[in-house]
Amino acid sequence: MNQHTLDVLEYDKVRELLVRFAASGLGKNLAQRVRPLTDVHRIERLIAETTELKTLLAPDRYLPMGGLHDLFPILEKLDKGADVLVIEDILLIKETLRAFRIAKGYLEDGAGDYPHLRQLAGKIRIYPEIDAKIEGTLGETGEVKNSASAELRSLRKTIQTLKGRIRSRLQSVLRSKSVNPFLQDTIIRERKGRPVIAVREREASRVPGIVRDRSDRGNTVFIEPEGVRQLGNELQAAIDAEKAEIVRLLREITAMIADKTEPLGETLRVLAHLDLTYAKVRFSREYGMNPPLLNTDSVINLNNARHPLLLALQRKSSEPESVAPVVPIDFRLGDDFNTLIVTGPNTGGKTITLKTVGLLTLMAQSGMHVPAGKNSKLAVFSHVAADIGDEQSLEQSLSTFSSHLRNIAEILSLAGENSLVLLDELGGGTDPAEGAALAKSILEYLHARKARTTVTTHISPLKNLGYTVPGVENASVEFDIATLRPTYKLLIGTPGNSNALAIAKQLGLPHEVIANAETGATQQDDGTAELINQLQAARAITEENKRVVEQAKVEALRLESEYRQKLDDLSAQETEMRQQLSEDAYTTLRTIKGQVDRLRKAEASRKSLLGSLDEISAAMAEKLGELPEEKQRLEFIHRLKTGDEVRVRSLDRVGTLSEVDSDAQKAVVRLGVMQMTVALEDLGLA
């Protein structure tokens, strides 16, 4: 990919977005060096790694990458012969080794089928010996532990003992009458590693000892008294021995690390790659991207594709609702046609279409997901070339037209069957007739070499190629004639019209100018523009009808599914109720049968028979009361009151309720001029 193409498609801005999502300096450095590749197998592996990691972290989990540092400068020092690393460097190594362990464990513990992540995890080495050595030597803040060695523990104990003896000796000196009168204060200090007391400068000669330092103003002298000098020498010797032991311990750690510089560097590169992959995942997640389906057949088929920088602009705005929505496009090339000619007004978004296709191709070839619908197809091209925008070169004194031609000349020299060529405003910037002829010749040249080509143009004769040359197709960015506004939807198969006069009228050009232009246009018009407008209007109606039909179909399917679910629920309830009723009825019948059998065998008195029958009746009433119909009947009887109209079911006549006796389960009903006593069971709704 030449730099010019990367520049005009603004690839570097997408790369900047990717860099922001990296978690470590290593990942950011790697993201800054990302470029489109041409090896399809490598690209597929990179996309697969991103897809697997995105799935592992779904929906919004984060990969633990904390503590990962760029150790390459430290490893370089070791390769050059450094034998003792400073504690700060060792702590960076310690944190990075911890990051190795955590990342490896996280990838290996992920439940699911992640072959590419498992392969990455297998390349991450851990170093338990170095970990243990650093852990046993240094504390979290870098202090060397007493337990790092027996020698260090002994030396530090000696140092503390000597400091205690010196302090005790100095306190005696401070209290002595031969020294106390000459002191500046009674504070015990340390200068140049030696214990000292503060003596007034003019009295210094009266205190025996060695001057170790003076105050800034010179009026105080810091003297190590003669009585503690020997102890001070012993303390200094112990401190020097302590430093030597610490250096020895650090040298041991350094030697262990130096022995592993090569595998450590390899593991760092794996973690940097993992962080870059994680950055791609975060980029994909934040911008609603999907993995493209790659092919080597030079076929592009995008659905709901969006320009990532327009999405970034919308996200960056403090009021996203005030920014125009990013309209997705559907785009295809390389299947039933290899050349696409996009025409239409300047305000319609033709250039954005070119940039979207080009940029998504470069993103895919960089191993990224793309902001497009699932199962979108993108080809891996060996050559992607673009000539877009104002390319005037002041340094080379080239006009815009000349600059475009120089770029196009280079594009034509490299174009082939595995090339994607994107040309903006082909044939513009010069005499219309010559520009049209040149543009037609360029398109025919690219088409003959089977390059996948998309051009935008205002030159109407180029549209004819879409009707006369096999493998060439027209397209336009939809323009709403009613509102004189672009919809930014790409219409493949329909050529566009510039709508220059309609736009000029909207922008306020004088009526006389518009009228004269319309007259001139009418004289030269072959009816193509009107036909195009009619085609676009018809297509818009068709799309709307299609949308309505699809919506109706979806709603019908939803209602059908809901209806079937309700039927299934009712059927299940009915089956359950029948089963329950059958079981209850069976149990009740068995109980009654058992009671009747006992009555038949027993020599029971009339009183005991009646008692047993009462029990049977009560049991049956209890079971009947559990039935929905019985519950409704009992509720009806409970609500009865004088004056209600009721139906006497045995007579099938309606009367007025005169009296209700709940205890006797009877009621008096007036039927015309006659009153009749009936059982409450015989009453129903009027």
Side-chain angles (χ1 to χ4, degrees), residues 77 81-92 94 133-258:
K77 283 194 293 186
D83 65 339
V84 180
L85 291 175
V86 297
I87 288 176
E88 289 77 8
D89 285 349
I90 295 176
L91 288 178
L92 291 179
K94 176 185 177 182
K133 183 64 175 176
I134 297 175
E135 187 68 31
T137 303
L138 300 178
E140 288 297 321
T141 58
E143 74 281 4
V144 180
K145 297 178 178 179
N146 290 339
S147 57
S149 73
E151 177 68 13
L152 184 63
R153 184 187 296 109
S154 175
L155 285 169
R156 286 183 171 172
K157 187 176 180 180
T158 299
I159 289 170
Q160 292 305 314
T161 300
L162 286 170
K163 283 184 176 180
R165 290 175 62 190
I166 289 170
R167 180 171 293 278
S168 178
R169 185 79 56 87
L170 283 175
Q171 285 173 347
S172 296
V173 171
L174 291 173
R175 289 193 299 268
S176 69
K177 294 179 180 180
S178 60
V179 172
N180 184 268
F182 312 121
L183 297 177
Q184 189 75 29
D185 56 47
T186 58
I187 299 172
I188 297 173
R189 293 178 173 82
E190 188 176 290
R191 288 292 187 271
K192 300 178 183 179
R194 309 290 291 196
V196 296
I197 57 177
V199 180
R200 290 191 293 274
E201 192 274 337
R202 62 179 179 274
E203 309 289 353
S205 61
R206 307 184 70 170
V207 177
I210 298 175
V211 175
R212 297 295 185 186
D213 200 2
R214 294 177 182 274
S215 66
D216 293 338
R217 294 184 179 181
N219 56 356
T220 302
V221 176
F222 298 100
I223 295 176
E224 181 180 10
E226 190 65 34
V228 298
R229 190 152 60 93
Q230 181 57 38
L231 288 176
N233 291 339
E234 293 177 19
L235 175 62
Q236 189 60 52
I239 289 173
D240 291 342
E242 177 196 28
K243 290 178 180 177
E245 178 62 10
I246 289 173
V247 170
R248 186 189 70 78
L249 292 169
L250 296 181
R251 185 177 282 112
E252 285 184 357
I253 295 174
T254 303
M256 294 179 71
I257 297 169

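These numbers come from a predicted model, not from an experiment.
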Value rounded to 0.5 Å, distance of CG in L170 from CD1 in I187: 13.0 Å
Shortest non-hydrogen contact from V179 toward V173: CB-O, 3.5 Å
Option passing side-chain contact (heavy atoms from CB on, under 4.5 Å) with I253 (candidates T137, I87, V84): T137
Side-chain heavy atoms of N233 within contact of Q230, under 4.5 Å: yes
Rounded distance [0.5 Å steps], CG in D83 versus NZ in K77: 12.0 Å
Under 3.5 Å side-chain donor-acceptor pair for N146 and R153: no
Close side-chain approach of L250 to I90, heavy-atom, < 4.5 Å: yes
Side-chain H-bond candidate by donor/acceptor type, T141 with E143, under 3.5 Å: yes
Minimum heavy-atom distance between G139 and L91, given as atom pair plus value: O-CD2, 4.0 Å
Exam field: side chain K133 to backbone E252, donor-acceptor pair closer than 3.5 Å: no
Within 6.0 angstrom of R248 CZ, more than 12 heavy atoms from elsewhere: yes
Non-hydrogen atoms of T254 and L85 that approach each other most closely: OG1-N, 2.9 Å
Validation row: R229, E226 side chains within 4.5 angstrom (heavy atoms): yes
Which atom pairs, one a donor and one an acceptor, fall under 3.5 Å between side chains of residues 197-209 and the rest of the protein, sequence neighbours left out?
| unit_1 | atom_1 | unit_2 | atom_2 | d |
| --- | --- | --- | --- | --- |
| R200 | NH1 | L183 | O | 2.8 |
| R200 | NH2 | P181 | O | 2.5 |

Distance in Å, Q160 CD paired with K163 NZ, rounded so as to fall on 0.5 Å steps: 5.5 Å
Any donor-acceptor pair under 3.5 Å from S168 side chain to G164 backbone: no
Main-chain N/O of G232 paired with R194 side-chain donor or acceptor, under 3.5 Å: yes
Between CG on residue L152 and CD1 on residue I159, distance to nearest 0.5 Å: 8.0 Å
NZ/K157: more than 12 non-hydrogen atoms of other groups inside 6.0 Å: no
Shortest non-hydrogen separation from G142 to L138 and the atoms involved: O-CD2, 3.8 Å
Nearest heavy-atom neighbours spanning L155 and A238: CD2-O, 4.2 Å
Min side-chain heavy-atom separation E234-L231 under 4.5 Å: yes
Side chains of N219 and S215, donor plus acceptor under 3.5 Å: yes
I210 and R212, any side-chain heavy atoms less than 4.5 Å apart: yes
Nearest atoms (heavy-atom pairs only) where P195 meets P225: O-CD, 4.4 Å
Residue pairs, two or more places apart or on separate chains, that pass salt bridge (Lys or Arg N to Asp or Glu O under 4.0 Å) and touch residues 177-193: D185-R189, R191-D213
Stepwise side-chain contact (heavy atoms from CB on, under 4.5 Å) test for I223 and V196: CA-CA 5 Å; I223 295 176; V196 296; 5.9 Å; no
Verdict with reasoning, Q171 to R175, per side-chain contact (heavy atoms from CB on, under 4.5 Å): CA-CA 6 Å; Q171 285 173 347; R175 289 193 299 268; 3.7 Å; yes
Check: R214 and T220 side chains under 4.5 Å, non-hydrogen atoms: no
